Amino acid sequence: MALDIDKVREVAYLARIRIPEGDLEKLRGELNNIIGWVEQLAEVDTEGVEPMTSVVGGLEAPMRNDAVTDGHCPEKVLANAPELEERFYAVPKVVE
Amino acid sequence: MSYIVQGETGDWEVVCGLEVHAQAISKAKLFSGASVEFGAEPNEQVSLVDAAMPGMLPVINEYAVEQAVKTGLGLNAKINLHSVFERKNYFYADLPQGYQISQYLHPIVGEGTVVLDLEDGSTREIGIERLHMEQDAGKSIHDRDPRRTFIDLNRSGTCLMEIVSKPDIRTPEEAGAYLRKMRSILRYLGTCDGNMEEGSLRCDVNVSVRKVGETDLRTRAEVKNVNSVKFVMQAIEHEAERQIDVYESGGEVVQETRLFDSGKGETRSMRAKEFAHDYRYFPDPDLLPLRLDAAWVAKIEATLPELPDAKKNRFMRDFGLSAYDAGVLVAERETAEYFEAAAEGRDAKQAANWVINNLAGALGKLGLGIGESPVSAAGLGKLLDLIKDGTISSNIAKKVFEAMMETGDDPEAIVEAQGLKQVTDTGAIEAAVDAAIAAGENQVAQYKAGNQKIIGWFVGQVMKATGGKANPQTVNELLRKKLAG
């Protein structure tokens, strides 16, 4: 698989990273190199091997009891907000 | 029941599927220990996990999993003992992680069915495609400031069960019935409170149209934000007409997300979402696959309550109720329980009539739910006993019932205090009958000429004279006897 310029532009948009038009070609090359490198994995014969979706196998997901043990810390939650209004995060208007 | 829209080029049918987002009843959130209670101060019920602070790790709430499994069992669905949480990536101001933890390829619940009870008493099965668990986003408030949006993360991380139907729905009525039934089942199960105003039950509708006779599905539009039974029906009607217009004027329907405007009853395109469907799902590396024990699932299954369909069948079988009456009574668990308590050891059909007509009507006027009824099930039962043993007539019972609604008093006490006991003393009734016949020369002549209906006039006179307390059957018998003589 190789990316074209449009795909690079789309990926950048999805990641909300602003890329100057002139940098797209260079990034296309870099990304295609990475993809080519990862694609080497396809050479391994994985016939009959179950896909592994997490880095630790054979473990059960730990669970929590349904109890309120957290929250009630708005000062911590809001500490890094660039802008506040009352107890809300205030962000540039989202129009929809 | 079919719903056909006549266009200029022929007849069209509607194909719909519903996505219901049900907030699972729990104390804490899906992946954190913050409370999910509604109505807290902004950003009060937010842990650092819910605010997506770097380094925070999600740990799943076991009870939320139990609720999802319970719901799946209630929908007659397959429970997947192995399911996987994935990240659904998109940017929005009220989604601090930049992705929603959801399930995609391996949901916790697979295919199931819901049975609809339609207006004409018939039923129809709608397939369930899947149920998966996911986090809710925070809340954006757009109308408090002209240039800024305010974000409250209290809802962020709350456990949602997204229930996706198959595209089996063919009419707006079926869509409405589906949503009502889903709400009813969830409330019976105790897995979601079904409160649509507070947003604990939300709905998106997928709508497409096709010519009658076509078997393939055409392109669908997803209509968001249709949060009442009425709006779901309106949105489908409007969206179907819009799509038919597009096709008939030579255009093509595009797959897109549309927003329902309940004020105008219309849908409109959310154009800014051109890449929105590119969610780049991948398994969440912070969460191991969820593995359930079959014995644990069986244990949950053993705790399921009697659900509306089973209850409806039992009411029809054991009490001889019609499908319609049984359907009305079981829609809310509280109503069904009230009815059963009032009907216990009595004429069940009569009890059903009182609950469906008199009680529901009176509560509706007062804006009360059945749980807040001033007349208890035991009270209504006593009233029915008073009718049965002849203490009061059905007509007087309505009067007593009104007094019960007002005061919450015992029916016997009301009958006693207001002197409403039925007059069964034939002598007293006879006197009133004689007086009525004497006063109605004209009417007597009409009766003798063959106008049987005029007897109502005499009954009215007797009732007036006895304050409505005369036993109607005795009055009728006496009148017919005397008028014939």
Side-chain angles (χ1 to χ4, degrees), chain A residues 1 3-4 6-19 31 34-35 38 41 49-96, chain B residues 26-29 31-37 40-51 53 59-66 84 89-94 138 140-142 144-154 259 270 272-273 275 278 280 282-285 287-291:
Chain A
M1 188 175 83
L3 303 183
D4 59 20
D6 286 341
K7 200 65 179 175
V8 176
R9 199 181 287 118
E10 185 187 327
V11 170
Y13 173 79
L14 286 170
R16 296 297 188 277
I17 299 173
R18 196 194 310 270
I19 310 274
L31 287 170
I34 294 169
I35 289 170
V38 173
L41 289 172
V49 179
E50 256 203 53
M52 189 171 163
T53 54
S54 46
V55 285
V56 279
L59 278 183
E60 295 282 311
M63 296 209 194
R64 221 164 24 82
N65 285 329
D66 183 33
V68 176
T69 56
D70 207 342
H72 307 296
C73 52
E75 65 296 333
K76 278 192 197 167
V77 165
L78 296 165
N80 299 311
E83 218 180 317
L84 277 177
E85 185 68 40
E86 295 162 51
R87 290 175 47 163
F88 294 104
Y89 290 92
V91 303
K93 190 99 178 167
V94 181
V95 201
E96 185 55 80
Chain B
S26 65
K27 293 192 188 80
K29 292 182 179 178
F31 295 117
S32 87
S35 169
V36 299
E37 207 173 318
E41 288 292 304
N43 291 305
E44 176 68 28
Q45 295 172 166
V46 184
S47 78
L48 298 181
V49 177
D50 309 318
M53 293 297 170
V59 180
I60 196 162
N61 181 339
E62 184 173 18
Y63 186 64
V65 177
E66 185 179 329
V84 176
N89 299 279
Y90 66 93
F91 282 107
Y92 204 75
D94 56 24
S140 297
I141 296 147
H142 301 292
R144 295 258 296 253
D145 189 289
R147 53 172 200 93
R148 292 179 304 171
T149 293
F150 295 160
I151 309 289
D152 174 11
L153 296 180
N154 277 347
L259 194 70
M270 297 169 76
K273 296 236 164 169
F275 292 119
D278 196 347
R280 295 150 294 145
F282 65 92
D284 192 318
L287 288 157
L288 289 162
L290 191 59
R291 286 184 197 282

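Here the structure is a predicted model, which means the values were calculated and not measured.
Atom CD of A:Glu50 is surrounded by 12 or fewer heavy atoms from other residues, nucleotides or ligands within 6.0 Å. Atom CD of A:Glu83 is surrounded by more than 12 heavy atoms from other residues, nucleotides or ligands within 6.0 Å. The number of heavy atoms from other shown groups lying within 6.0 Å of CZ (A:Arg16) is above 12.
Between the CD atom in A:Glu85 and the CZ atom in B:Phe150 there is a gap of 4.5 Å [rounded to 0.5 Å]. Rounding to the nearest 0.5 Å gives a distance of 6.0 Å between CD1 of B:Ile60 and CE of A:Met63. With rounding to the nearest 0.5 angstrom, the NZ atom of A:Lys93 is 6.5 Å from the CG atom of B:Asp145. B:Lys29 NZ to A:Asp70 CG: the interatomic distance, rounded to the nearest 0.5 Å, is 9.5 Å. The line from CG of A:Leu78 to CG of B:Leu153 is 8.0 Å long, rounded to the nearest 0.5 Å.
Looking at A:Ala81, there are no atoms closer than 4.5 Å to chain B (heavy atoms on both sides), in backbone or side chain. Of the atoms belonging to A:Glu86, it is side-chain heavy atoms, and not backbone ones, that fall under 4.5 Å from chain B. Using a 4.5 Å cut-off between heavy atoms, B:Phe282 makes no contact with chain A at all. Proximity to chain B is limited to the backbone of A:Ala67, based on heavy atoms less than 4.5 angstrom apart. Residue contact with chain A, scored on non-hydrogen atoms closer than 4.5 Å, is absent for B:Ser140. Using a 4.5 Å cut-off between heavy atoms, B:Glu66 does not touch chain A at all.
Contact record, A:Leu14 with B:Phe91: O-CE1, 3.1 Å, taken as the closest heavy-atom pair. Heavy atoms only, all atoms of each residue included: B:Ala51 and A:Val77 are closest at CB-CG1, 4.1 Å. Residues A:Phe88 and B:Ile141 come closest through the heavy atom pair CE2-CD1, 3.4 Å. In this structure, B:Pro289 and A:Ala61 approach most closely via the heavy-atom pair O-CB, 3.9 Å. Contact record, B:Tyr92 with A:Val94: OH-CG1, 3.3 Å, taken as the closest heavy-atom pair. In terms of heavy atoms, A:Val91 sits closest to B:Ala93 at CG2-CB, 3.9 Å.
The candidate from B:Ser26, B:Ala28, B:Pro42, B:Pro146 with the greatest count of non-hydrogen atom pairs under 4.5 Å with chain A is B:Pro42.
A donor and an acceptor atom, one from each side chain of A:His72 and B:Gln45, are nowhere located under 3.5 Å apart.
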One pair to check against side chain to side chain contact (heavy atoms under 4.5 Å, CB included): B:Lys27 and A:Asn65. What are the steps and the verdict? CA-CA 10 Å; B:Lys27 293 192 188 80; A:Asn65 285 329; over 6 Å; no
